[in-house]
Enquirer: 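Here it is: the structure, laid out below.
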Amino acid sequence: MIDMEISSEQRQIVDSVQNLLADALPYDRFVPRPTPVPNADRAVFTQFGELGVFGLGLAEASGGVGYSLVEEVLVARECGRFLVSPAVVATMIGVHVAHFAGDRSHAEAMMRGGTPVAPALAFAPAATHFAGKYHLADAEGAEWALLWSEGGLALAHRDSWHGAQNMDSIDSTLTLTRVAVKDIMPPLRVPAANGLWRRAQLLVSAYLTGLAEAALDDSVGYAKVREQFQQPIGAFQAVKHRCADMLTRASVAWNSTIFAALTDQAEGPDADFQAIAAKILASDAAFRNAAVNIQNHGAYGFTGEHHAHLFVKRAHFLDRFGGDATYQKRRMLAANAPSSDAERSSPVDGLAG
Amino acid sequence: MQIEFTSEEMAFRAEARCWLRANVPAGERPIHSDRALDIREFDLEWQRKQFEAGWAGISWPSEYGGRGVSLIEQLIWHEEYARAGAPRAGSCFVGLSHAGPTLIARGTPEQQAFHLPRILRGDTVWCQGFSEPGAGSDLAALGTRAEIDGDELVVNGAKIWTSYAAIADYQELLCRTEAGSRKHSGISWVICPMDTPGIELRPILTMVGPNDFHFCQVFYNDVRIPLANVVGEVNDGWNVANATLGFERGTGFVADQIQNSELVERLIAMARGRCGLDGLSPAIDDGDFASRLAMSRAEMAGVRAMTYATVSRAANANPGPEGSLVKLFFSEASQRLRRLGVDLLGPEALELSSDAGLTTPYLRSYAASIGGGTSDVQRNIIAERVLGLPRAPRP
């Protein structure tokens, strides 16, 4: 069965998350101020927890909701659309790390949304361990940081963040903290061989895809109402063709991400390959759509009064989470190509129809 | 959601792979147009071979003699076809993928009974007569006239960009049957026998190189065609031409996509084996080459994901304008890939004679964003029909 369409059950999940986000985290929460105002998204994390966002992909027997990676990807995409603090993605993954490490109580606390996890962006991902320098995004009020290296994923409790130093952030809605982690092997960790890094990579790709789609929606909405030369600017090919390219990139990003997620679910031999390709394409779509969206808004797009600039800035944070585009390209060339002889076999029903 | 093939689909893949690998023609397909008749014979012989083994018309319904397999199996067929190194349909393409399906959708039983078996079993070659010198992206501006004279049409005008016109038996000809009509009305879709008196061809040299006369301009001077050759109603040709636009529902270019995926792998291997600019380290150690190779690899993975999504959607619904997204992305990504190939080749790229098989296809790739609807037209379709942006003011 080749089915990449969102099922009605999945649609319900997406709708409920969308409703919550539209209600609790509309774009107008980004009020322009002369001084930085960090986001307060974590205040609604307990509502996310009640909705099941953080335990979505964990088995019911483990206290989760019992859906799969695919449903988590769908939710992460919506979070990208609303520019939710990237701590949401780190917390979704943190649950899996704590669960894998056998720490049920911390996994449950994270699932409830009471202990947010901050994404830790490595200065240079270590090959086999977790020690090193990191940027933490939105770490204020976070209990944990999600470390991501070539060795796998690990949770570092805030007590283990050394030399924390608050930096001025490129994105004034996200605090930025430099820390050093000295633990070579934090107790709560998952080795790379486990494949959880693919789940993390695809949630990041989904967020970047949602961001690219939101930038497109912003452009299309504006191009339909903004008039110059007595017509909507969207009637001009120069503008409408840029919008068409934005949709093309977003569509490539989405289909690659969901294809990679389904390949992961099917335990395809090319799961790594697809997950790396998805991140590259999603980062590309996010950066370029964010830039074009500013262009489409003209001088208004350059202001801090409209949220177009936040798409660019958030893209930088998500791009660096798990390794930026330059790093992903290196991995892309090192990955094994899908073998033409190793087609997926042994059909197994998907978790949701 | 899932992407896993069923056991029936796996069995189909195994059968297709086994047959293709054993039967793909050993010799190279001739490409130079001074060997046009050899091209025709090569393409038709390959078609006959597929017909005899029951693979002809993979996308055609079985009641019209086709294989009648599911959309997923068509996808599998095209994947295996490319991986086996099977030659492109070439001069059989229009008959199999356009004229045949149009006759299936709108032809009379007589037209179907005569033409469909001939296309399938590799007897006849078809070409397309749509574009005109003054009607390219704006196809509805076509002006080739066909006056009804008794039970005949008398055609006058000119068509252009007609591939394989010199070796085709029939042409799907769009002409204006209602004098003074404009745009989409008053057009008819006609089966034009290419040996009819009054047809003249002017081969057109392409940019690919000397002797590459890939297509022709076709002139019609009082060409008399039986009125019975009109497909569908007279003056309803625009709808007839559009009846099969989504016929293959996203699977039509799967073989090209697989070939490009294989090209990426070949270029990566080449970049590992050849020295880069410094003459010492492999080309793949060069940051620019590495970045472009990685991006192309990701892009071709993206094309495959897009195609699977299109096929998945088409299984449930009629194809929409979304096909333009794949076409736009694939044509431009494949051009980047072709350019990368000649850059990796370095100085040898200038020598057609020592061509590592990369320069000629590179030159041909300039057509990818023009043929089958230019990238500009695809962008208009995406912007207007998918995103709902306003149409440009028209005169």
Side-chain angles (χ1 to χ4, degrees), chain A residues 1-7 10 70 216 220 223-224 231-232 234-237 239-241 243-245 247-249 251-253 255-263 265-266 268 273-274 276-278 280-281 284 326 328-330 332-333 335 337-338 340 343-350 352, chain B residues 1-7 9-10 13 71-72 75-76 79-80 83 258 261-262 264-265 268 284 290-291 293-295 297-313 315-316 322 324-326 328-329 376 378-384 386-393:
Chain A
M1 184 80 180
I2 304 295
D3 179 8
M4 292 170 69
E5 297 286 281
I6 295 174
S7 71
Q10 288 166 336
V70 172
L216 164 68
V220 170
K224 285 177 181 173
Q231 54 190 308
F236 296 111
Q237 282 198 333
V239 176
K240 76 166 58 156
H241 284 191
C243 292
D245 285 336
L247 175 60
T248 305
R249 285 189 287 269
S251 175
V252 171
N255 286 312
S256 303
T257 300
I258 200 69
F259 189 88
L262 293 168
T263 301
Q265 292 299 103
F273 181 95
Q274 304 297 349
I276 297 165
I280 291 174
L281 296 167
D284 184 59
T326 307
Q328 299 296 337
K329 284 180 185 171
R330 200 176 79 206
M332 184 83 261
L333 285 183
S340 61
E343 293 300 337
R344 279 170 279 284
S345 56
S346 63
V348 177
D349 283 335
Chain B
M1 281 198 221
Q2 61 175 23
I3 38 170
E4 281 155 297
F5 294 106
T6 64
S7 50
E9 287 160 353
M10 298 291 289
R13 184 185 290 282
L71 201 55
I72 303 296
L75 172 77
I76 291 170
E79 286 186 344
E80 292 303 323
R83 285 171 186 161
I258 295 286
S261 295
E262 293 189 342
V264 179
E265 300 310 319
I268 290 172
I284 203 160
S291 171
L293 284 164
M295 197 67 202
R297 211 179 197 193
E299 284 179 338
M300 288 306 149
V303 167
R304 182 153 185 250
M306 294 276 277
T307 295
Y308 273 60
T310 306
V311 167
S312 153
R313 194 173 310 121
N316 305 314
E322 292 85 1
S324 289
L325 294 167
V326 192
L328 177 62
F329 181 66
D376 301 298
Q378 307 302 338
R379 288 188 175 93
N380 282 349
I381 292 171
I382 293 165
E384 292 169 11
V386 185
L387 296 175
L389 287 167
R391 290 169 70 94

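Labels below follow one simple rule: chain letters A, B, ... track the order of the sequence lines, proteins then strands, and each chain is numbered from 1. Values below: all heavy atoms of this structure, side chains included; hydrogens, waters and symmetry mates excluded.
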Enquirer: Against chain A, label B/Ile72 side chain, backbone, both or neither, depending on which of its atoms sit under 4.5 Å from a heavy atom there.
Expert: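 Answer is side chain: those atoms of B/Ile72 sit under 4.5 Å from chain A.
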Enquirer: Under a 4.5 Å heavy-atom cut-off, does chain A meet the side chain of B/Glu299, its backbone, both or neither?
Expert: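 Both backbone and side chain.
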Enquirer: Examine whether an atom of A/Val220 lies under 4.5 Å from a heavy atom of chain B, and if so say whether it belongs to the side chain, the backbone or both; otherwise answer neither.
Expert: both
Enquirer: What part of B/Leu325 is in contact with chain A, defined as an atom under 4.5 angstrom from a non-hydrogen atom: side chain, backbone, both or neither?
Expert: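 Interface part for B/Leu325: both.
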Enquirer: Tell me the closest heavy-atom pair linking A/Cys243 and B/Leu389, and the distance in Å.
Expert: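 It is CB-CD1, 3.8 Å.
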Enquirer: Is it the backbone or the side chain of B/Val386 that comes under 4.5 Å from a heavy atom of chain A, or both, or neither?
Expert: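 Interface part for B/Val386: side chain.
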Enquirer: Under the side chain to side chain contact (heavy atoms under 4.5 Å, CB included) criterion, do A/Glu5 and B/Met1 qualify, and how do the steps go?
Expert: CA-CA 6 Å; A/Glu5 297 286 281; B/Met1 281 198 221; 5.8 Å; no
Enquirer: Could you tell me which non-hydrogen atom of A/Ser251 sits nearest to which non-hydrogen atom of B/Met306, and how far apart they are?
Expert: OG-SD, 3.5 Å
Enquirer: Tell me if a side-chain donor or acceptor on A/Lys240 pairs with a main-chain N or O of B/Pro390 at a distance below 3.5 Å.
Expert: yes
Enquirer: Regarding A/Gln237 and B/Asp376, is there a side-chain donor-to-acceptor distance under 3.5 Å anywhere?
Expert: no
Enquirer: Can you tell which part of B/Ile284 gets under 4.5 Å to a heavy atom of chain A, answering side chain, backbone, both or neither?
Expert: side chain
Enquirer: Hey, are the side chains of B/Met295 and A/Lys329 touching, using non-hydrogen atoms and a 4.5 Å cut-off?
Expert: yes
Enquirer: Among A/Ala253, A/Ala244, A/Ala278, single out the residue with the greatest number of heavy-atom pairs under 4.5 Å to chain B.
Expert: A/Ala244
Enquirer: Report the residues that fulfil side-chain hydrogen bond (donor to acceptor under 3.5 Å, both in side chains) with B/Thr307, sequence neighbours left out, ordered by chain and then residue number.
Expert: B/Gln257
Enquirer: Using a cut-off of under 4.5 Å on heavy-atom pairs, state which of A/Ala335, A/Ala277, A/Ala235 scores highest against chain B.
Expert: A/Ala235
Enquirer: Among the options B/Ser291, B/Ser261, B/Ser324, pick out the one with the most heavy-atom pairs lying under 4.5 Å from chain A.
Expert: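 Ranked by heavy-atom pairs under 4.5 Å with chain A, first place is B/Ser291.
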Enquirer: List the steps, then state whether side chain to side chain contact (heavy atoms under 4.5 Å, CB included) holds for A/Leu216 with B/Leu387.
Expert: CA-CA 10 Å; A/Leu216 164 68; B/Leu387 296 175; 4.1 Å; yes
Enquirer: What are the two closest non-hydrogen atoms of B/Ala290 and A/Leu333, and how far apart are they?
Expert: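 Shortest heavy-atom separation between B/Ala290 and A/Leu333 comes out as O-CD1, 3.4 Å.
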Enquirer: With respect to chain B, which residue among A/Ile2, A/Thr248, A/Val239 yields the maximal number of heavy-atom pairs within a distance under 4.5 Å?
Expert: A/Ile2
Enquirer: Name the region of A/Leu247, side chain, backbone, both or neither, that has any atom closer than 4.5 Å to a heavy atom of chain B.
Expert: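 Its backbone and side chain both get close to chain B.
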Enquirer: Between B/Gln2 and A/Met1, which heavy-atom pair has the shortest distance, and what is it?
Expert: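 Heavy-atom minimum between the residues: NE2-CB, 2.7 Å.
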Enquirer: Examine distances only and state if a side-chain atom of B/Arg297 and a backbone atom of A/Met332 form a donor-acceptor pair shorter than 3.5 Å.
Expert: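 Between the backbone of A/Met332 and the side chain of B/Arg297 there is a qualifying donor-acceptor contact (under 3.5 Å).
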Enquirer: Between A/Phe236 and chain B, with a heavy-atom cut-off of 4.5 Å, which part of the residue counts as in contact: side chain, backbone, both or neither?
Expert: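 No part of A/Phe236 comes within 4.5 Å of chain B.
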Enquirer: Which atom pair, heavy atoms only, marks the closest approach of B/Ala309 to A/Met4?
Expert: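 Minimum heavy-atom separation between B/Ala309 and A/Met4: N-SD, 3.5 Å.
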Enquirer: Of all of A/Ser256, A/Ala261, A/Ala260, A/Ala223, which one pairs up most often with chain B through heavy atoms under 4.5 Å apart?
Expert: A/Ser256
Enquirer: How many angstroms lie between OH in B/Tyr308 and OG1 in A/Thr263, if you round to the nearest 0.5 Å?
Expert: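 Taking OH in B/Tyr308 and OG1 in A/Thr263, the distance rounds to 9.0 Å.
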Enquirer: Are A/Asp245 and B/Ile382 packed together at the side-chain level, in the sense that at least one heavy-atom pair is separated by less than 4.5 angstrom?
Expert: no
Enquirer: Non-hydrogen atoms of chain B under 4.5 Å away: do they reach the side chain of A/Ile6, the backbone, both or neither?
Expert: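 Both backbone and side chain.
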Enquirer: Go through the atoms of A/Gln231 and report whether side chain, backbone, both or neither lie under 4.5 Å from a heavy atom of chain B.
Expert: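 When you check distances to chain B, only side chain atoms of A/Gln231 fall under 4.5 Å.
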Enquirer: Just how far is it from atom CG of A/Asn255 to atom CZ of B/Phe329, taken to the nearest 0.5 Å?
Expert: 10.5 Å
